[in-house]
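The structure presented is a predicted model; accordingly, all values stated were derived computationally and were not measured.
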Amino acid sequence: MLKLHTKLHALTPALASNLRPGSANSASPLLRAALSSLRGLTRRSSRSSDLVGHRAFFCSDSDSSGDVVVHVEAKAVDSEAEEVETKSSSAIVSTNPRPEDYLTDPKLLAALQESRKRQAPYAGAFLVKDEPGTDPSLVSGSESEKNIYDLKGKDLLNRLHEVGTLAQISSIQGDQVVLIGHRRLQITEMDKPYNKDDDVIKATSFEVISTLRDVLKTSSLWRDHVQTYTQHIGDFNFPRLADFGAAISGANKLQCQQVLEELDVYKRLKLTLELVKKEMEISKIQESIAKAIEEKISGEQRRYLLNEQLKAIKKELGLETDDKTALSAKFRERLEPNKDKIPPHVLQVIEEELTKLQLLEASSSEFNVTRNYLDWLTALPWGNYSDENFDVLRAQQILDEDHYGLADVKERILEFIAVGKLRGTSQGKIICLSGPPGVGKTSIGRSIARALNRKFFRFSVGGLSDVAEIKGHRRTYIGAMPGKMVQCLKNVGTANPLVLIDEVDKLGRGHAGDPASAMLELLDPEQNANFLDHYLDVPIDLSKVLFVCTANVVEMIPNPLLDRMEVITIAGYITDEKMHIARDYLEKTTREACGIKPEEVEVTDAALLALIENYCREAGVRNLQKHIEKIYRKIALQLVRQGASNEPAIAEVQVVEPEEALVECADDLSIKAVESETGAEPVEDSSHEQTTDTSIEADTVPTDLPADQPSDSKDATDTKKIQESEATKTIEKVVVDSPNIADFVGKPVFHAERIYDRTPIGVVMGLAWTAMGGSTLYIETSQVEQGEGKGALQLTGQLGDVMKESAQIAHIVARAILLEKEPDNPYFANSKVHLHVPAGATPKDGPSAGCTMITSLLSLATKKLVKKDLAMTGEVTLTGKILPIGGVKEKTIAARRSDVKTIIFPSANKRDFDELAENVKEGLDVHFVDEYNQIFDVAFGDDQNTGK
Ligand code: ADP
């Protein structure tokens with residue numbers, strides 16, 4: 001529109017025309033004012049330019065009667081034509097006002113005024129045709145004028161000249177109107193006449209109005225038009241209403257054009273009604289869409305806000321739990337890598353639990369139970385195995401690396417691995433390593449795991465009485481946990497670890513359920529492929545796990561368990577073996593653990609021997625290890641103390657001149673420098689050397705900035721070297737020898753094992769076998785009273801039932817033997833005798849002290865000493881027959897520790913003894929006996945007693 005205006009202004013010079021309401025006479029040009037409803041056309045700027053061409057001149061009379069309508073067709077004038085027009089400047093409105101041109105019609109004047117007010121001050125001006133032959137300008141006569149106002153439609157059209165002017169209403173003063181002509185207009189047609197009282201037209205127009213009102217109410221898009229509507233709706237006549245409705249409806253160009261072209265007002269109204277109804281529908285849909293979306297957004301926003309608030313509250317209360325979805329995602333992520341290895345039944349349970357997790361309230365206790373359960377289920381190494389290594393040579397190497405000696409044990413383990421290699425699997429048998437504490441059972445277990453390339457896990461069942469430790473709790477218990485095996489699998493991350501079950505012999509007696517049968521379920525290859533942990537509730541396959549048990553006393557292992565075990569006994573170590581272990585294994589690892597260098601310390605053989613003989617006499621080496629650790633800790637402190645006291649000297653060495661530090665042979669020089677600190681002569685010489693060296697360096701390396709850098713760092717490293725050499729030089733090597741061993745480990749503890757250097761009358765050394773390995777013990781007898789018929793025996797020394805019985809039997813057998821050897825000696829008939837086993841704090845029991853007791857009683861009765869450095873073991877029958885005993889190796893080792901030279905064993909044990917390693921048997925005088933008389937001969941041989 002604006003474009004059009006500017007164009008027009010540019011092209012057509014403004015021509016003013018004064019139109020005055022003329023006197024009643026002549027034919028003044030009738031200005032049928034056509035008030036543009038341009039305002040209505042300004043809607044939708046995007047379209048306006050399109051519409052303008054067609055509708056800018058769509059003018060209708062605003063005459064209140066509304067019955068006179070001028071229809072004007074726009075004549076788009078092309079630029080050439082416009083130029084022609086400009087030249088001709090053909091007047092549109094006459095510039096010479098004449099009286100007859102004066103506007104006489106008050107209605108017309110009002111219409112023009114109104115149009116001007118609306119800021120769309122345009123009118124189409126057409127000259128009325130006069131009767132043929134009359135001067136158009138002189139057309140007058142009230143008759144013809146009157147006629148003109150009453151005419152409509154075709155009749156009016158016929159009375160008007162075809163070409164008129166688009167005139168701008170420039171000013172209106174009184175009844176004087178100034179028009180500026182802009183364009184030529186050509187009338188082609190006019191609205192058809194209609195009856196404004198027609199009910200149908202009225203009804204249709206009301207419907208248009210009410211629909212428009214609704215649309216304007218609902219649709220925010222049309223807000224702009226509401227004002228126009230409310231301002232003008234009252235002024236609108238039917239055709240204008242139709243135009244307005246069509247114009248603001250969202251109809252497309254062609255539909256608008258249709259309305260534009262429709263000259264029948266009723267039809268036009270109907271067309272418009274259709275368009276606005278359609279608009280109404282669209283706006284309804286739009287509204288519902290908007291509403292739905294708004295609801296969705298506000299619902300989500302509300303949720304979000306509430307969630308945020310909840311989080312904040314939980315955080316405030318310290319209840320914050322992991323977001324459920326994040327949790328599920330975490331669990332699924334864990335499963336992903338080995339999803340196809342997980343057994344289907346387990347996967348199913350996991351899926352079910354994951355679903356359950358989503359449904360549970362995060363603050364509920366059940367949620368926590370489910371979460372923990374899922375945590376366990378997903379953390380287990382389902383189907384994850386480490387590759388087993390059956391390389392026997394490598395295994396041998398590893399076992400030797402970790403342990404000294406134990407040749408028989410290692411051999412048994414290698415056999416086991418060899419079978420595994422041939423079968424392709426090492427499971428099936430359960431190894432049980434038995435022996436006293438500290439002999440390396442656990443560390444052998446560890447070595448086996450290393451040799452087989454299995455993960456290692458250890459748990460002790462000593463004193464275990466709660467089956468839940470093995471089988472897990474039911475999940476319903478508060479704080480429920482799975483059993484040890486499930487914990488183990490989670491811990492090691494593979495499904496085929498080596499599991500060391502410590503102290504199977506000390507398995508407790510369960511108050512609820514039997515731990516032994518739970519262990520059996522765990523260990524039995526028949527059952528453990530489907531081991532059911534109460535907590536886990538899904539069977540797990542433990543058949544690939546290699547179980548190794550340890551025990552101190554095999555006899556204490558429940559029989560059904562023992563049946564399935566392959567027992568490997570480790571008896572303990574003799575002094576010589578302990579020396580090797582201490583030297584080659586314990587010392588080495590301890591030294592490294594303390595950060596001490598081999599050259600900084602020396603522990604002599606004599607010191608080690610003293611340690612073993614006087615401090616660590618037990619079968620195992622754990623105590624020895626502890627003592628060695630103690631020694632090395634003390635050494636470490638000594639070294640550090642020395643280093644600290646040497647520090648000032650080092651600090652001074654650090655102040656070496658930079659040039660000196662440049663010298664190549666810094667090590668030697670630093671020593672010289674140190675020496676120089678002590679005030680020795682060579683100071684001068686060495687510094688001379690250094691300076692000359694420096695000058696040589698300076699010749700080759702320019703002493704500019706870049707060269708400074710390396711010399712600095714060299715300086716630093718040299719200083720370090722100096723420090724080190726200083727430290728090693730001044731710190732004395734710490735020597736641990738037998739005389740000063742007490743400085744490191746204190747005085748040797750008193751040992752009951754060797755109370756007597758030479759046993760007195762009535763005292764004999766026996767050999768016992770306990771959970772702690774073999775040991776020596778004394779059996780002492782002494783006379784309490786003497787008198788006719790007073791013969792009796794009383795006992796002390798924490799003896800168990802078996803030993804008490806042994807003592808009773810010994811008393812009877814001794815009496816019989818005495819009767820045989822000294823028929824006249826009534827000692828046992830008339831003497832009340834007391835028998836005691838010292839070190840009474842430790843309970844003693846076992847069937848191997850009979851021989852020793854008899855010998856002790858006979859020594860008392862015959863007043864004879866027994867052979868020096870003699871020890872014996874064996875049980876006796878009432879008739880004096882000797883029964884075999886257990887633990888030959890352990891007892892032999894114990895005897896050696898106690899410096900025993902002669903040992904008496906039952907004949908039946910000869911084979912056990914022969915199997916012992918040479919170094920254990922070496923130098924021992926061993927007698928194998930079948931009946932007590934033989935013992936008597938060895939113990940009381942004449943030469944022993946006469947020769948003392
Ligand atoms: P156990 O399990 O039998 O009670 P450990 O396995 O704990 O004993 O052994 C105690 C310490 O003694 C460990 O440091 C172990 O390495 C060491 N040890 C035991 N026997 C030997 C051996 N034959 N060679 C080297 N070290 C050994």
Side-chain angles (χ1 to χ4, degrees), residues 555 759 762-770 774-781 791-793 795 797 799-823 825 827-829 833 835 837 844-862 864 866-867 870-892 894-895 900 902-916 921 924-942 944:
E555 282 75 19
T759 49
V763 179
V764 180
M765 184 189 271
L767 294 173
W769 181 33
T770 66
S775 70
T776 56
L777 52 80
Y778 290 103
I779 292 189
E780 304 173 331
T781 50
L793 176 73
L795 307 167
L799 305 182
D801 287 344
V802 178
M803 249 174 130
K804 278 179 191 157
E805 270 182 16
S806 284
Q808 303 292 345
I809 294 165
H811 195 226
I812 295 164
V813 175
R815 198 168 171 167
I817 302 274
L818 187 67
L819 190 65
E820 193 185 299
K821 302 284 178 194
E822 296 179 13
N825 191 340
Y827 186 83
F828 287 113
V833 178
L835 186 145
V837 184
K844 296 172 267 299
D845 204 9
S848 67
C851 298
T852 324
M853 288 173 178
I854 296 170
T855 312
S856 167
L857 287 166
L858 286 176
S859 165
L860 189 68
T862 57
K864 283 183 184 168
V866 294
K867 189 179 164 79
L870 168 79
M872 64 185 68
T873 179
E875 199 53 63
V876 194
T877 64
L878 267 179
T879 56
K881 286 261 178 258
I882 309 292
L883 299 173
I885 47 96
V888 170
K889 187 178 179 188
E890 289 82 353
K891 287 176 173 175
T892 310
V900 169
T902 310
I903 302 178
I904 300 172
F905 277 131
S907 292
N909 289 112
K910 184 165 191 310
R911 224 188 51 204
D912 299 335
F913 184 81
D914 289 344
E915 279 175 5
L916 297 182
K921 297 188 284 193
L924 285 175
D925 177 18
V926 183
H927 298 261
F928 296 98
V929 295
D930 287 313
E931 51 184 47
Y932 187 76
N933 271 325
Q934 292 169 280
I935 298 179
F936 191 88
D937 292 345
V938 176
F940 303 108
D942 270 348
Q944 304 298 326

Undergrad: Counting C-beta onward and ignoring hydrogens, is there a side-chain heavy-atom pair between Val888 and Phe905 closer than 4.5 Å?
TA: yes

Undergrad: Are Leu777 and Ile779 side-chain neighbours, meaning at least one heavy-atom pair lies under 4.5 Å?
TA: yes

Undergrad: What verdict does the side-chain contact (heavy atoms from CB on, under 4.5 Å) test give for Val876 and Leu883, after you've listed the backbone C-alpha separation in whole Å, the side-chain angles of each residue and the deciding distance to 0.1 Å?
TA: CA-CA 6 Å; Val876 194; Leu883 299 173; over 6 Å; no

Undergrad: Looking at CG of Asp937 and CD of Gln934, how far apart are the two atoms once the value is rounded to the nearest 0.5 Å?
TA: 8.0 Å

Undergrad: Nearest 0.5 Å please: distance from the NZ atom of Lys804 over to the CG atom of Leu795.
TA: 7.5 Å

Undergrad: Looking at Lys867 and Val938, would you say the former's side chain and the latter's main chain have a donor-acceptor pair under 3.5 Å?
TA: no

Undergrad: If you compare all heavy atoms of Gly774 against all heavy atoms of Ala894, which two are closest, and at what distance to 0.1 Å?
TA: C-CB, 3.3 Å

Undergrad: Check step by step if side-chain contact (heavy atoms from CB on, under 4.5 Å) holds for Leu858 and Leu818.
TA: CA-CA 7 Å; Leu858 286 176; Leu818 187 67; 4.0 Å; yes

Undergrad: Please check if the side chain of Asn825 supplies one atom and the backbone of Ala861 the other of a donor-acceptor pair under 3.5 Å.
TA: yes

Undergrad: As a quick check of understanding, evaluate side-chain contact (heavy atoms from CB on, under 4.5 Å) for Glu890 and Ser775, giving each step before the final call.
TA: CA-CA 8 Å; Glu890 289 82 353; Ser775 70; over 6 Å; no

Undergrad: Between the main-chain N or O of Ala816 and the side-chain N or O of Glu820, is there a donor-acceptor pair closer than 3.5 Å?
TA: no

Undergrad: So, taking the atom named SG in Cys851 and the one named CD1 in Ile904, what distance separates them when rounded to the nearest 0.5 Å?
TA: 8.0 Å

Undergrad: Kindly list each side-chain donor-acceptor pair under 3.5 angstrom involving residues 806-815, sequence neighbours excluded, with atom names and distances?
TA:
from   : atom 1 : to     : atom 2 : distance (Å)
Ser806 : OG     : Val802 : O      : 3.2
Ser806 : OG     : Glu875 : OE1    : 3.1
Ser806 : OG     : Glu875 : OE2    : 3.2

Undergrad: Work out which heavy atom in Phe940 is nearest to a heavy atom in Thr855; give both atom names and the distance.
TA: CZ-O, 3.5 Å

Undergrad: Assess whether atom NZ of Lys910 is packed by more than 12 heavy atoms of other residues, nucleotides or ligands within 6.0 Å.
TA: no

Undergrad: Nearest 0.5 Å, please: how far is OG1 in Thr862 from CD1 in Ile817?
TA: 12.0 Å

Undergrad: Between Val764 and Tyr778, is there a side-chain heavy-atom distance shorter than 4.5 Å?
TA: no

Undergrad: Would you say the side chain of Asp930 lies within less than 4.5 Å of the side chain of Lys881, judging by non-hydrogen atoms?
TA: no

Undergrad: Are Leu835 and Met853 packed together at the side-chain level, in the sense that at least one heavy-atom pair is separated by less than 4.5 angstrom?
TA: yes

Undergrad: Is there a side-chain contact between His927 and Ile903, using heavy atoms and a 4.5 Å cut-off?
TA: no

Undergrad: Side chains of Thr781 and Ser859: does their closest heavy-atom pair fall under 4.5 Å?
TA: no

Undergrad: Identify, with sequence neighbours excluded, every residue that meets ring-ring contact (aromatic ring centres under 6.0 Å, His included) alongside Phe928.
TA: Phe913

Undergrad: Test Ile935 against Met872 for side-chain contact (heavy atoms from CB on, under 4.5 Å), laying out the working first.
TA: CA-CA 9 Å; Ile935 298 179; Met872 64 185 68; 4.0 Å; yes

Undergrad: About how many Å separate OG of Ser848 and CG of Asn909, when rounded to the nearest 0.5 Å?
TA: 10.0 Å

Undergrad: Looking only at heavy atoms, what is the nearest atom pair of Gly874 and Ile885, with distance?
TA: CA-CG2, 3.7 Å

Undergrad: Determine whether Asp912 and Lys889 make a side-chain contact, defined as any pair of heavy atoms from C-beta on separated by less than 4.5 Å.
TA: no

Undergrad: For the CZ atom of Phe828 and the CG atom of Leu860, what is their distance to the nearest 0.5 Å?
TA: 7.0 Å

Undergrad: Could you check whether any side-chain N or O of Thr776 sits under 3.5 Å from a backbone N or O of Leu767, counting only pairs where one atom can act as donor and the other as acceptor?
TA: no

Undergrad: For a quick test of reading the model, state the closest non-hydrogen atom pair linking Val866 to Leu870 and the distance between them.
TA: CB-CD2, 4.4 Å

